[in-house]
Amino acid sequence: MKIEGLELRWASLPLVGTFRTSFGSETTRDLLLLRLVTDRAEGWSECVAMTAPVYSPEYVDAAAHVIEHVLFPEIAALSDPDVHAVSRAMQRFHGHQMAKAALETAFLDAELRSLDLSLARYLGGAVDRVASGVSVGIMDSVPQLLDAVGGYLDQGYVRIKLKIEPGWDVEPVRAVRERFGDDVPLQVDANTAYTVGDARQLAKLDPFDLLLIEQPLPEDDLLGHARLARQIRTPVCLDESITSAKVAADAISLGACAIVNIKPGRVGGYLESRRVHDVCQAHGVPVWCGGMLETGVGRAANLALASLPGFTLPGDTSASDRYFHRDVTEPFTIENGHVRVPTGPGIGITPVPEILHELTTDTRWLPANG
Ligand code: NPQ
Ligand code: MG
């Protein structure tokens with residue numbers, strides 16, 4: 001394929017409600033969408049970086065900058081590339097996984113569209129729908145949390161994830177168990193808010209039979225997670241720490257995690273995501289697909305990944321209306337606790353032009369021979 005140019009598109013979507021985690025409160029999703037134009041097809045992707053570097057070191061403006069000034073010029077200079085050549089060309093630059101993932105995915109979408117092949121089939125997807133969980137933010141009060149959880153259970157979500165932080169952990173978990181029973185698949189996510197010194201506090205979650213505790217400690221503390229895992233009964237799952245298949249293999253070998261959350265943006269794309277999946281599967285470690293408040297563009301690709309056989313736990317692959325009043329694509333919906341895996345070529349979906357136009361705040365066209 002011959003790359004002709006790349007369109008960067010910024011947009012802003014209000015969230016249906018404030019989403020609070022241990023790193024802050026979000027009320028809008030600042031979006032960066034990519035549209036890669038080739039001689040054969042166009043490809044779409046969504047960069048999952050946030051407005052500020054509070055989840056990982058990346059953020060939207062930095063991702064746009066490194067795409068424009070570093071990554072795109074490198075791949076635009078390739079002659080007749082395939083997705084592996086694109087991926088390899090970006091490897092000499094350190095970090096910036098979310099920016100790399102976005103560019104690789106836009107290219108992969110274009111390539112797969114030109115081959116009339118769906119991303120799910122390309123990756124080795126085995127099912128046509130995936131069980132869907134929901135991530136529930138930190139609330140001002142327990143009654144408010146119980147209302148929110150009740151609403152999601154009514155919608156059919158098959159697994160509840162509670163965001164936790166010091167001061168909001170045992171009490172909300174106990175309240176959810178008391179109200180909704182022991183059969184609700186329940187897990188928690190601390191987004192790095194604890195230290196190993198909190199092991200005794202986190203062990204108080206043991207009686208509640210949680211599926212997992214996600215990323216209790218800072219991302220660079222694999223050894224700490226291994227030590228913590230020996231002091232609590234709840235299985236430790238890593239999110240922020242897992243930046244590559246190599247790190248996943250190391251974390252598993254160290255005993256730092258028993259379960260892995262895979263987010264394509266965090267590991268640099270769908271090719272590396274499949275490698276993380278394969279490493280985990282080889283070790284018998286269950287994986288599930290995380291979420292970064294993606295619109296339909298990012299959600300579609302995540303659903304393709306989540307259809308692989310190692311994804312044995314429900315993901316944060318919720319319906320569009322979990323986060324947005326109006327998605328930029330046809331909305332994804334939840335049916336009997338599941339969301340459908342797109343079947344069309346590539347990621348299987350594109351933004352609705354009128355909606356996209358309305359929400360766009362800025363665009364930039366980068367010609368390949370610029
Ligand atoms: C997690 N996501 O698993 C993240 C982190 C997260 C669904 O819990 C704006 C954009 C706000 C991305 C808040 C879920 C966000 C965000 C949290 C990602 O750790
Ligand atoms: Mg997480």
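Counting starts at 1 for both ligands and their atoms, in listed order. All residue numbers in this chain count up from 1 along the given sequence. All values reported here derive from a predicted model rather than from experimental measurement.
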Side-chain ion pair, [X] and [Y], N-O less than 4.0 Å:
X: Glu335; Y: Arg340; result: yes
X: Glu272; Y: Arg266; result: no
X: Lys161; Y: Glu214; result: yes

Aromatic plane relationship, Phe311 with His277 - under 30° parallel, 30 to 60° tilted, over 60° perpendicular
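Taking Phe311 first and then His277, their aromatic rings lie parallel (interplane angle under 30°).
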
Considering only protein heavy atoms, which is closest to [atom], and at what distance to one decimal place?
atom: atom 1 (C) of ligand 1; answer: Lys263 NZ, 3.0 Å
atom: atom 6 (C) of ligand 1; answer: Phe23 CZ, 3.8 Å
atom: atom 7 (C) of ligand 1; answer: Tyr323 OH, 3.3 Å
atom: atom 2 (N) of ligand 1; answer: Gly291 O, 3.0 Å

Measure [X] to ligand 1 on non-hydrogen atoms and call it side chain, backbone, both or neither using the 4.0 Å cut-off.
X: Met292; result: both
X: Val48; result: neither
X: Gln215; result: neither

Within Glu240, is some N, O or S atom less than 2.8 Å away from the Mg ion (ligand 2)?
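So Glu240 does not bind the Mg ion (ligand 2) by this criterion.
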
Looking at ligand 1, does any of its N/O atoms fall within less than 3.5 Å of an N/O of Glu240?
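In this structure, Glu240 places no N or O atom under 3.5 Å from an N or O of ligand 1.
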
Would you check the N or O atoms of Thr21, main chain and side chain alike, for any that come under 3.5 Å of an N or O of ligand 1?
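N/O-N/O distance below 3.5 Å does not exist for this pair.
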
Side chains of Trp10 and Thr363: does their closest heavy-atom pair fall under 4.5 Å?
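When only atoms from C-beta onward are counted, Thr363 and Trp10 do not touch, as no gap falls below 4.5 Å.
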
Could you walk me through whether Tyr270 and Asp109 pass side chain to side chain donor-acceptor pair (under 3.5 Å), step by step?
CA-CA 11 Å; Tyr270 288 86; Asp109 184 38; over 6 Å; no

